[in-house]
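Since we're looking at a predicted model, the values are computed, not measured. Read the numbers this way: they start at 1 and go in the same order the structure lists the ligands and their atoms. Starting from 1, each residue takes its place in the sequence as its number.
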Amino acid sequence: MATDNLKEVSQMFDTVLILDFGSQYSHLITRRVREFGVYCELLPCTQKMADLHFKPKGIILSGSPYSVYDKDAPRVDPAVFDCGVPILGVCYGLQEMTNLMGGKVESCDHREYGYAMLKLNKHPQNPIMDALFNSLDGEAEVWMSHGDQVTFAAPGFEVIGYTNTAPFAAVAHNEKPFYGIQFHPEVTHTSIGKIVLKNFVIDICKCDASWTMESFIDKEIARIRALVGPTGRVIGAVSGGVDSTVAAKLMHEAIGDRFHGILVDNGVMRLNECANVKKMLVDKMGINLKIADASDLFLDRLKGVIDPETKRKIIGNTFIEVFEAEAAIIDKECGGEIEYLLQGTLYPDVIESISFKGPSATIKTHHNVGGLLADMKLKLIEPLRELFKDEVRKLGSLLGLDDELVWRHPFPGPGIAIRVLGEVTREQVQIARLADNIYIEEIKKGGFYRQISQAYAALLNVKAVGVMGDKRTYEQVIALRAVETTDFMTADVMTGAEWFMTLKRISSRIINEVKGVNRVVYDISSKPPATIEWE
Ligand SMILES: Nc1ncnc2c1ncn2[C@@H]1O[C@H](COP(=O)(O)OP(=O)(O)OP(=O)(O)O)[C@@H](O)[C@H]1O
Ligand SMILES: O=c1[nH]c(=O)c2[nH+]cn([C@@H]3O[C@H](COP(=O)(O)O)[C@@H](O)[C@H]3O)c2[nH]1
Ligand SMILES: NC(=O)CC[C@H](N)C(=O)O
Ligand SMILES: [Mg+2]
């Protein structure tokens with residue numbers, strides 16, 4: 001077996017290590033570096049260098065809500081400074097580096113939140129010190145967010161940039177490639193941010209910019225083949241959503257029909273969803289996919305249930321039951337050779353689970369078929385666990401997926417069950433489905449689908465009075481949701497005059513065409529404080 005193919009991504013590409021001290025922006029640093037075509041991994045600041053599974057080409061220390069002099073402040077492993085690779089400290093990262101190497105950090109009188117003018121202090125006689133601001137000169141607007149600052153630089157460090165109130169806003173060591181900046185280069189408000197990060201990653205760390213989805217495909221397919229072996233089989237839950245479809249396509253490219261996808265029809269899918277997914281994945285892409293119709297089972301179990309969390313748990317548990325039963329059938333059919341389970345885990349899920357601060361509060365129980373199959377004794381394959389959603393979309397395009405699939409809005413596992421408020425019955429699901437179908441159809445027709453990150457129609461469990469054909473009606477209300485977001489953690493409602501006219505048209509179509517609905521409302525709440533789904 002070609003053991004080379006079993007290497008992890010960080011061993012196949014030049015990799016920058018980003019140590020996370022809990023800043024809001026740590027993942028943004030990761031994004032920016034990857035945008036240059038350089039692979040990077042975000043790990044908690046508690047990572048010990050001795051335990052690191054790869055050799056980084058450079059290390060970035062992130063910002064943090066802590067102050068270095070706090071009793072419980074997160075500490076960097078001092079061994080990072082002995083790795084022999086360039087280091088860039090950002091905000092807290094600068095402060096921690098200064099603190100550790102013998103300088104001084106103090107709470108400052110002039111806290112800086114927002115824009116500041118950074119004046120560059122060039123050192124033409126010392127190319128190491130000048131490398132971070134290479135090609136820059138004079139002054140630049142940068143974005144700051146700090147209440148502490150360096151008041152004495154650590155020995156060997158000199159000023160390469162300052163603001164009116166921060167004399168050590170940027171420092172560099174005069175012999176080693178160690179740099180610290182008080183401003184945030186990862187936020188778009190810092191005009192020179194990209195140049196500074198690129199100077200660090202490409203010029204100083206000398207990273208090869210070879211992290212592209214093209215190179216990822218070949219390497220990942222080879223890795224999957226080596227992992228699964230010439231006869232091994234893999235099963236996976238495939239919803240027709242972007243993540244699981246891209247993962248399934250990659251598996252199909254790697255091992256053909258030895259990948260067995262299972263689509264569970266839970267009775268709360270969108271209108272014609274299962275048939276559409278089958279058409280695209282099976283007929284068009286040739287993926288080995290079985291549709292398991294368990295709609296009666298799901299809907300029976302949901303009878304009389306109105307509590308959102310109970311609905312989610314019932315669906316999550318039933319998913320697992322059905323999936324396990326289907327997996328056992330497939331296993332039997334192919335002689336018990338299934339060893340692996342495919343999961344569509346993305347990098348944001350990984351980042352969330354490695355936070356050194358521990359798990360955050362549960363707002364909603366998210367179903368995740370694979371994640372709960374702990375006792376299935378299958379080994380996991382997660383080909384997307386290094387990727388962000390937009391990288392997955394790029395990958396999907398390169399793998400030849402239709403635009404329609406690549407740009408699909410996410411659809412939650414519990415589906416329409418959490419979009420029918422109150423009890424979920426076949427009739428209620430059908431009303432929500434028909435309204436949703438009209439809504440999405442008109443969004444596409446109006447050319448808004450790509451701009452909107454997620455849109456759907458929810459059926460409210462309230463009745464309102466209306467008048468249709470001179471007669472009084474007393475029927476239910478549809479709520480339309482359309483949000484713009486990049487990470488789905490926060491979201492803004494879609495607005496605009498043209499959009500409003502489209503909404504009016506949609507409202508009239510829904511009321512005319514969907515029986516049982518006499519009123520349509522538009523949900524204008526942002527997230528937070530609301531969430532994207534109603535339940
Ligand atoms: N109806 C279903 N049948 C089989 N597996 C499902 C179904 N719904 C969800 N899953 C599984 O649960 C995982 C998580 O669902 P999730 O909605 O987050 O991802 P997705 O459907 O692949 O993509 P998207 O986020 O774009 O909807 C999926 O990747 C898939 O493995
Ligand atoms: O696969 C999923 N299983 C779930 O249980 C689930 N609940 C919410 N979502 C999706 O997550 C994003 C954020 O949703 P909320 O703002 O409602 O928490 C939105 O994109 C939601 O559609 C889910 N996806
Ligand atoms: N953004 C940061 O990293 C802030 C660091 C530290 N908490 C300060 O206020 O200065
Ligand atoms: Mg989905």
- Message: Is there a polar contact, in the sense of an N or O pair closer than 3.5 Å, between Arg408 and ligand 1?
- Response: no

- Query: Short question: side chain of Thr190, backbone of His184 - any donor-acceptor pair under 3.5 Å?
  - Reply: yes

- Query: Hey, is Phe323 touching ligand 1 through its side chain, its backbone, both or neither, going by heavy atoms under 4.0 Å?
  - Reply: neither

- Task: Enumerate the atoms of ligand 1 whose separation from the nearest heavy atom of Ile262 is less than 4.0 angstrom.
- Result: 4 (C)

- Note on the structure: Filtering Lys311, Arg481, Lys527, Glu535 for the heavy atom nearest atom 18 (O) of ligand 2 leaves Lys527

- Note on the structure: Under 4.0 Å from one or more heavy atoms of Lys389, ligand 1 contributes atoms 24 (P), 25 (O), 26 (O)

- Within 4.0 Å of some non-hydrogen atom of Asp243, the atoms of ligand 1 are 19 (O), 22 (O), 23 (O), 25 (O)

- Give yes if a backbone or side-chain nitrogen or oxygen of Thr245 is under 3.5 Å from a nitrogen or oxygen of ligand 1, and no if not. no

- Distance-only, no hydrogens or angles: does the Tyr92 side chain make a donor-acceptor pair with backbone N or O of Leu61 under 3.5 Å? no

- Message: With nothing but distance in play, are any N or O atoms of Arg312 less than 3.5 Å from an N or O of ligand 2?
- Response: yes

- Query: Is it true that a side-chain atom of Thr30 and a backbone atom of Ser26 form a donor plus acceptor pair closer than 3.5 Å?
  - Reply: yes

- Query: Quick one: does Lys504's side chain have a donor or acceptor within less than 3.5 Å of a partner on Trp499's backbone?
  - Reply: no

- Is there a donor-acceptor pair under 3.5 Å between the side chain of Arg385 and the backbone N or O of Thr345? no

- Query: For ligand 1, which atoms sit closer than 4.0 Å to a heavy atom of Phe319?
  - Reply: 1 (N), 2 (C), 3 (N), 7 (C), 8 (N)

- Close approach, Gly241 and ligand 1, non-hydrogen under 4.0 angstrom: yes

- With a cut-off of 4.0 Å, which atoms of ligand 2 are near a heavy atom of Thr531? 15 (P), 16 (O), 17 (O)

- Message: Treating Tyr439 as the side-chain partner and Arg481 as the backbone partner, does any N or O pair qualify as donor plus acceptor under 3.5 Å?
- Response: yes

- Shortest heavy-atom approach to atom 19 (C) of ligand 2 - which of Met489, Gln454, His409: Gln454

- Considering only NZ, NE, NH1 and NH2 on the basic side and carboxylate oxygens on the acidic side, decide whether Lys284 and Asp402 come within less than 4.0 Å. yes

- Task: Output yes when a side-chain donor or acceptor of Arg32 lies under 3.5 Å from a complementary backbone atom of Glu186, and no otherwise.
- Result: yes

- At under 4.0 Å between heavy atoms, what of Asp265 touches ligand 1? The answer is neither

- Distance filter under 4.0 Å to Gly413 heavy atoms, resulting ligand 2 atoms: 1 (O), 2 (C), 3 (N)

- Test applied, side chain to side chain contact (heavy atoms under 4.5 Å, CB included); reference residue, Tyr340; option that passes from Leu227, Ile235, Ile255: Leu227

- Message: I'd like to know if the side chain of His189 and the backbone of Trp143 have a donor-acceptor N/O pair within less than 3.5 Å.
- Response: no

- Query: Is any N or O atom of Asn266, backbone or side chain, closer than 3.5 Å to an N or O atom of ligand 1?
  - Reply: no

- Interatomic distance, Ile510 atom CD1 to Arg519 atom CZ [nearest 0.5 angstrom]: 14.0 Å

- Kindly say whether Gly304 contributes a backbone atom to a donor-acceptor pair with the side chain of Glu423 at under 3.5 angstrom? yes

- Task: Classify the contact between Met269 and ligand 1 as side chain, backbone, both or neither, using a heavy-atom distance cut-off of under 4.0 Å.
- Result: side chain

- Query: Among Gly344, Ala247, Ser239, which residue places a heavy atom closest to atom 21 (O) of ligand 1?
  - Reply: Ser239

- Message: Taking backbone and side chain together, does Phe411 place any N/O/S atom at a distance below 2.8 Å from the Mg ion (ligand 4)?
- Response: yes

- Message: Using only atom types and a distance under 3.5 Å, with no angle test, would you say the side chain of Ser215 pairs donor to acceptor with the backbone of Ser210?
- Response: yes

- Looking at ligand 1, does any of its N/O atoms fall within less than 3.5 Å of an N/O of Gly413? no

- Query: Do Phe488 and ligand 2 have an N or O pair less than 3.5 Å apart?
  - Reply: no

- Return yes or no for this condition: an N or O of Pro412 is under 3.5 Å from an N or O of ligand 1. no

- Message: Please classify the Pro414 to ligand 2 contact at 4.0 Å (heavy-atom distances, strictly less than): side chain, backbone, both or neither.
- Response: side chain

